[in-house]
Amino acid sequence: MVDLQNVTLRVEHLGKTFGNHEVLKDIDFCVQKGEVISVIGASGSGKSTLLRCINMLETPTSGHVFYHGKVIENKPKEISLYRANVGMVFQSFNLFANMKVLKNCMVGAEKVRKKSESEAKQLAMTFLKKVGMGAYINARPHQLSGGQKQRVAIARALAMEPDVLLFDEPTSALDPEMVGEVLEVIKQLANEGLTMVIVTHEMAFARDVSTRVVFMDKGVIEEEGSPEQIFGHPKSERTKAFLSRFT
Ligand code: ADP
Ligand code: MG
């Protein structure tokens, strides 16, 4: 049963078409407060497009996104505040190359949340320390490893004090030895109760941290359930076929 009081994000009849390619088909999906949802599925199944529509980086072709029951419209004024509340962490980090680590984590709080410089600095420091990057505040992004860049990107999103964080394959661009340090940070956030939607190919991680797993296939949610249901007892033949690649 969905408890409407606790619904943070809801997607209704969401469709996205590029040219004549229907990438998302009538998706209904909801995120309740405190959930950690892993989205899994083959490359090209529409996972990134779903996150990008939720974050309004893409305008849905049909359907709506609701945040605390209010429909989100793709208007510049509303959208930057919405994106502070519903943050996103990308595969490719997307740090501001011309800003030091500290400033990367301050600008959103200053510009969007209208914090003073000292408040923004305090927030940035708090979250940089949390992700283990407190010693790198004066570094430039190009001086950091991939794992360090991604931890800064997570701190930057957290400094906006979001109530949901969306992650699009946060470890896919990393060298294998750096995957663990980033997953560890995300796991810590999960344990603290942050609401998150994580697109990932790290199946052991998804099984470990998720409260719910969503399997996408060819633009639809083919199956969803608890990690135990999806990984232990998948119903759909497509889910079974997908998961068999990881064993
Ligand atoms: P996933 O993240 O699951 O790998 P995507 O959401 O990135 O899948 O892509 C789903 C499909 O949509 C792919 O076939 C991809 O080529 C297509 N697609 C994604 N973005 C665009 C775009 N901006 N223009 C055209 N096609 C796109
Ligand atoms: Mg993707």
Side-chain angles (χ1 to χ4, degrees), residues 9-31 35-65 72-74 76 79 82-83 86-95 146-147 149-150 153-154 157 164-176 178-179 182-183 185-186 196-207 209-210 212-225 227 230-231 234 236-246:
L9 275 172
R10 187 158 55 90
V11 156
E12 248 181 41
H13 301 300
L14 187 80
K16 181 67 184 175
T17 301
F18 292 108
N20 55 13
H21 183 185
E22 195 182 11
V23 171
L24 295 178
K25 299 166 196 167
D26 200 22
I27 300 255
D28 288 323
F29 174 62
C30 106
V31 182
E35 280 196 293
V36 177
I37 301 173
S38 290
V39 180
I40 62 172
S43 177
S45 57
K47 306 180 299 297
S48 294
T49 305
L50 175 60
L51 286 198
R52 291 172 63 80
C53 284
I54 290 175
N55 206 243
M56 290 290 153
L57 292 166
E58 299 284 357
T59 305
T61 310
S62 55
H64 295 289
V65 178
I72 299 302
E73 293 178 67
N74 206 349
I79 222 72
Y82 172 66
R83 288 202 187 117
V86 180
M88 184 134 159
V89 172
F90 301 88
Q91 183 176 343
S92 52
F93 327 125
N94 296 11
L95 294 177
K149 280 185 218 176
Q150 195 57 301
I154 294 170
V164 188
L165 261 192
L166 312 174
F167 292 81
D168 192 2
E169 297 198 31
T171 62
S172 292
L174 302 178
D175 291 334
M178 291 167 194
V179 169
V182 172
L183 293 183
V185 167
I186 300 172
M196 298 190 278
V197 181
I198 310 164
V199 173
T200 186
H201 291 291
E202 298 287 339
M203 294 301 147
F205 171 78
R207 189 171 189 154
V209 306
S210 310
R212 180 151 59 102
V213 178
V214 170
F215 170 61
M216 284 189 69
D217 186 65
K218 299 190 176 76
V220 301
I221 293 177
E222 172 72 10
E223 187 170 356
E224 62 183 306
I230 300 297
F231 293 110
S236 152
E237 290 307 318
R238 288 180 174 181
T239 315
K240 288 178 198 168
F242 174 75
L243 291 174
S244 70
R245 298 184 211 166
F246 293 89

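Order of listing sets the numbers, starting from 1, for every ligand and every atom in it.
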Heavy-atom check, side chain of [X] versus side chain of [Y], under 4.5 Å:
X: M216; Y: L24; result: yes
X: I54; Y: F29; result: yes
X: Y82; Y: V65; result: yes
X: F90; Y: L57; result: yes

With a 4.0 Å cut-off, strictly under, does atom 8 (O) of ligand 1 pick up any protein heavy atom?
-> yes

Does the protein put a heavy atom less than 4.0 Å from atom 21 (C) of ligand 1?
-> yes

Verify, without hydrogens or angle tests, whether R238 (side chain) and F215 (backbone) share a donor-acceptor contact under 3.5 angstrom.
-> no

D217 side chain to T239 backbone, donor-acceptor under 3.5 Å | no

Decide whether an N or O pair under 3.5 Å exists between F18 and ligand 1.
-> no

Do any nitrogen or oxygen atoms of K47 come within less than 3.5 Å of a nitrogen or oxygen of ligand 1?
-> yes

Mind checking what makes salt bridge (charged side-chain N to carboxylate O under 4.0 Å, His left out) contact with E224, not counting sequence neighbours?
-> R212

Sorted by chain and residue number, the salt bridge (charged side-chain N to carboxylate O under 4.0 Å, His left out) partners of D168 (sequence neighbours excluded) come out as none

Ligand-residue contact atoms, ligand 1 with [X], heavy atoms, under 4.0 Å:
X: A42; answer: 3 (O)
X: T49; answer: 5 (P), 6 (O), 9 (O), 19 (C)
X: S43; answer: 4 (O)

H21 contact mode with ligand 1 (heavy-atom cut-off under 4.0 Å) | side chain

Answer with side chain, backbone, both or neither: which part of V23 has a heavy atom less than 4.0 angstrom from an atom of ligand 1?
-> side chain

Under 2.8 Å from the Mg ion (ligand 2) - protein N/O/S, by chain and number | S48 OG

Here the salt bridge (Lys or Arg N to Asp or Glu O under 4.0 Å) pairs for residues 39-57, sequence neighbours left out, are R52-E58

